[in-house]
Amino acid sequence: MARLRTAWSVGAGLVLVAVVVAGLVPVRAHITLATPALVLVLVVVAAAWVGGSRVAVCVAVIAALSFNVAFIRPYWTLKVAVWDDWVALGVFVAVAVVIGVLVAAQGEQRRAAEQRESLAREVARADVLEQVGGQRSALLRSVSHDLRTPLATILAVASDLRDGVVYDDATRAELLSNLCDETERLDRLVANLLSMSRIEAGALKPERQAVDMEELIADRVRRLAPLFNQVRVQVDVETDLPLVDGDYTQLEQLLTNLLENAARYAPPASTVRIEARARRGMVEMSVSDEGIGIPEFERTRVFEPFRRGEGSRSSGVGLAICKATVDAHGGTIAVHRTAGGGATFVFTLPVRAAVGRR
């Protein structure tokens, strides 16, 4: 039965890829590479949802070959002559495989849950599946919405460079800077989706070490500087702040998500503040903005997975990852109203015992 479903899913994926190619080839001269890439990624997502991870990888490979042959010059060959086309093809393959495997994992978890449920818990099982189905739909919406902008920008810049469009040095440098920024943004989106998958699987386990939060804050502010080109960032870290006992990579993602959230809602010419203090054996940190803030009735629900506030442009997973990370470290996180308007996220992390500062 499983083999039959796999074969059927691969066949359906082949048909969908063929339909996409046949439909877009006649108009490929009038569209950018982003259009066939996004449509083919959705084909991989659909195949993964139905057939699982093996089907996802298989259809992703077929879609990549079709993308190369039908939409990258020289057409109808596997040859890729320009490095910009390698960038476009590489990004497509990476995104298609990662998203396909993620969606497949969600589908496989759903099928496993269905097999474990007994007849005596049929009603409870139906409720669980309804909730899971809603999360899957939210994940698909997040994937199609949040990946569209960085992927389209990357492909557009790569296409211009491939076609030999002549730019002055300043414009070319700006385009390459945008390419790097959008690639980093895509990396953050994929990292959040992978972390969300680990959280749902109960596999978010901190590998603890001594973490200097002052250094981590400075690094994140520097790396995320393009997000704050219209606002001012103010950092206030207590002198001799103790080291934190935590997972550096997870805490880096925690701070990144909070800073990205603040940058998203901070009005132009406003201030984003980052503070860190020692409090009763914990390090208390806060990230505040002067934006629209969060209504009181939303302040606990905002940490739920795939929860989007009114007018939100986020994927709905960043704050859920923040809460899961803080909980895994034995701390707390909450959101309050910034004095004068805005949102202030406050979280605590345990101090590293018997370890001095470097």
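Other members of the hydrophobic cluster containing Val15, listed by chain and number, are Val19; membership follows side-chain contacts under 4.5 Å among ILVMFWY residues, whether direct or relayed.
The nearest pair of heavy atoms linking Leu251 to Gly246 is CD1-CA, 4.1 Å. Considering every non-hydrogen atom in both Gly318 and Asn257, the closest pair reads O-ND2, 3.5 Å. The minimum heavy-atom distance linking Pro350 with Arg208 is given by the pair CG-NH1, 3.9 Å. In plain terms, the two heavy atoms of Leu319 and Phe303 that are nearest each other are O-CD2, 3.5 Å. Contact record, Ile333 with Cys322: CD1-CB, 4.1 Å, taken as the closest heavy-atom pair. The shortest heavy-atom contact between Val231 and Ala266 is CG1-CB, 3.9 Å.
For the side-chain contact (heavy atoms from CB on, under 4.5 Å) test, residues two or more places apart in sequence or in another chain that qualify with Asp168 are Ala170, Thr171. Not counting sequence neighbours, Arg279 has no partner by the salt bridge (Lys or Arg N to Asp or Glu O under 4.0 Å) test. Residues passing the salt bridge (Lys or Arg N to Asp or Glu O under 4.0 Å) test with Arg223 are Glu184, sequence neighbours excluded. For Gln234, the side-chain contact (heavy atoms from CB on, under 4.5 Å) partners at least two apart in sequence or on another chain are Arg232, Thr271, Arg273. Partners of Val235 according to the side-chain contact (heavy atoms from CB on, under 4.5 Å) rule, which considers only residues two or more places apart in sequence or in another chain, are Ile217, Val221, Val233, Val237, Ile274. By the side-chain contact (heavy atoms from CB on, under 4.5 Å) test, Val351 is found to be paired with Pro242, Val283, residues two or more places apart in sequence or in another chain being considered. Shown here are the salt bridge (Lys or Arg N to Asp or Glu O under 4.0 Å) partners of Asp247, two or more places apart in sequence or in another chain: there are none. For Glu275, the salt bridge (Lys or Arg N to Asp or Glu O under 4.0 Å) test picks out no residue, with sequence neighbours left out.
The line from CD1 of Ile62 to CG of Leu16 is 11.0 Å long, rounded to the nearest 0.5 Å. In this structure, the separation between CD on Glu252 and OG1 on Thr325 is 12.0 Å, given to the nearest 0.5 Å. Within the model, atoms OG of Ser286 and NE2 of His336 stand 9.5 Å from one another, a figure rounded to the nearest 0.5 Å. Atom CD of Gln230 sits about 9.5 Å away from atom OG of Ser270, to the nearest 0.5 Å. Rounded to the nearest 0.5 angstrom, Arg352 CZ and Asp245 CG are separated by 4.5 Å. Atoms CE and CG, from Met285 and Leu258 in turn, are 8.5 Å apart once rounded to the nearest 0.5 Å.
Counting heavy atoms from C-beta on, the side chains of Gln209 and Val211 come closer than 4.5 Å. For the pair Ile321 and Leu254, the minimum side-chain heavy-atom distance is 4.5 Å or more. Val272 has its side chain out of reach of Ser288: every pair of non-hydrogen atoms, C-beta onward, lies at least 4.5 Å apart. Contact of the Phe228 side chain with the Leu259 side chain is registered, since non-hydrogen atoms from C-beta on lie closer than 4.5 Å.
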Quick one: side chains of residues 338-349, donor-acceptor pairs under 3.5 Å with protein atoms, not counting sequence neighbours, listed by atom name and distance.
from	atom 1	to	atom 2	distance (Å)
Thr338	OG1	Asp289	O	3.1
Thr338	OG1	Ala343	N	3.2
Thr338	OG1	Ala343	O	3.1
Thr338	OG1	Thr344	N	3.4
Thr338	OG1	Thr344	OG1	2.6
Thr348	OG1	Thr332	N	3.0
Thr348	OG1	Thr332	OG1	3.1

Mind listing the side-chain donor-acceptor pairs of residues 22-44 below 3.5 Å, one per line with the distance, residues two or more places apart or on another chain?
from	atom 1	to	atom 2	distance (Å)
Arg28	NH1	Ala70	O	2.7
Thr32	OG1	Ala34	N	3.3

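A side-chain donor-acceptor contact under 3.5 Å links Arg299 to the backbone of Ile294. Remark: the backbone N or O of Ala278 is paired with a side-chain donor or acceptor of Glu238 at under 3.5 angstrom.
Both Met213 and Tyr248 are part of a single hydrophobic cluster, where members link through side-chain heavy atoms under 4.5 Å apart.
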>> Using side chain to side chain contact (heavy atoms under 4.5 Å, CB included), reason through Thr77 and Val69 one step at a time and then give a plain yes or no.
In response: CA-CA 5 Å; Thr77 71; Val69 170; over 6 Å; no
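Sorted by first then second residue, the salt bridge (Lys or Arg N to Asp or Glu O under 4.0 Å) pairs that include residues 321-332, not counting sequence neighbours, are Lys323-Asp327.
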